[in-house]
Amino acid sequence: MAQDNSRANMTTPNRPSRGGPEGLWMRCPHCKATIFRKEAERLFNVCPECGYHFYLPARDRIAQLLDQDSFEAWFTDVRPSDPLGFKDRIPYCQRLEAEQSKTGMLDAAVVGRGYIRGRPVVVGITDFAFMAGSMGSVVGEKLTRAAEEATRRRHPLIFVSGSGGGARMQEGILSLMQMAKVSAALGRYDKAGGLYISILTNPTMGGVAASFALQGDITLAEPGALVGFAGKRTIWATVRLELPEGFQTSEFLLQHGFVDRIVHRKDLRTEVARIIDYCEH
Ligand SMILES: [Zn+2]
């Protein structure tokens, strides 16, 4: 739970570059090429040289995945609290305020209704930018309500995970409970015959991977995403086990049956629409 082991992968196109006009160029962390920011943005925030998938904020994800202007955000007033009065380097309540002003979000999840090539869907997204996308009470509650709404409306459900931290340690047991809560809602949705498509993006780790992200009827992953429970360093520190190269990537998980298909970001909308049609007819 709560390892913050993916921060190194958090190279965002929004980070100012050193030298040169700010933000005009960016460096790909994978192939090290210097690329024109506008070009990467045109390609859905993907490196034009090597296909590396950069971090994508929830609002851009919505724009890419859903039909234009079809998204209606739900439960936007659910806000986090600090019931434990938790303090690490700084008090949790201060951290929350800082994250909120940095991202313009109240917490790490966005849920709502939208359309994908004309098909109604319920969507939930966890955004890495807000405390590494970790699952506290608000994330758990919003995803649970999204699953319940999808059950009531009989809509396909799509969760896009981008969570490096797993459960949010600042909320202690309250964050761990969210794993069971979301899973139970997904179980009821499944019993009602719902179709749940889980999309794994870089990174999907910890309690998020250990609950809803890997409970999809269909599991898609973006290329090269880091997906796993504990990171390599943590596993070594705990059980002294050397793990195979690339064992927590989309490609490795595809080979071992955890992931059904790896889909390039530019193809996600079409692919999800196709799966919905296939499953519903
Ligand atoms: Zn590249």
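Just so you know, residue 1 is the first one in the sequence shown, and it goes up from there. One-based numbering, in listed order, for ligands and for the atoms of each.
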Trainee: Looking only at heavy atoms, which two atoms of Ala147 and Leu186 are closest? And how far apart?
Mentor: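 Nearest pair, atom of Ala147 first, then Leu186: CB-CD2, 4.3 Å.
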Trainee: Check whether Ser250 reaches the backbone of Ala221 with its side chain - one donor and one acceptor, N or O, closer than 3.5 Å.
Mentor: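 Between the backbone of Ala221 and the side chain of Ser250 there is no qualifying donor-acceptor contact (under 3.5 Å).
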Trainee: In plain terms, say whether Arg61 and Glu222 are close enough for a salt bridge, that is, a side-chain N and a carboxylate O under 4.0 Å apart.
Mentor: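 Yes, this pair counts.
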Trainee: Listing residue and atom name, which protein N/O/S atoms are closer to the Zn ion (ligand 1) than 2.8 Å?
Mentor: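 For the Zn ion (ligand 1), the protein N, O and S atoms that sit under 2.8 Å away are Cys28 SG, Cys31 SG, Cys47 SG, Cys50 SG.
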Trainee: Counting C-beta onward and ignoring hydrogens, is there a side-chain heavy-atom pair between Ile116 and Ile158 closer than 4.5 Å?
Mentor: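 Ile116 reaches Ile158 side chain to side chain.
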Trainee: Quick check: closest heavy atoms across Asn45 and Leu56, and the distance to 0.1 Å?
Mentor: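 It is ND2-CD1, 3.4 Å.
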Trainee: Does NZ or CZ of Arg145 lie under 6.0 Å from the centre of the six-membered ring of Phe75, at an angle within 45° of the ring axis?
Mentor: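 Here Arg145 passes the 6.0 Å and 45° test against Phe75.
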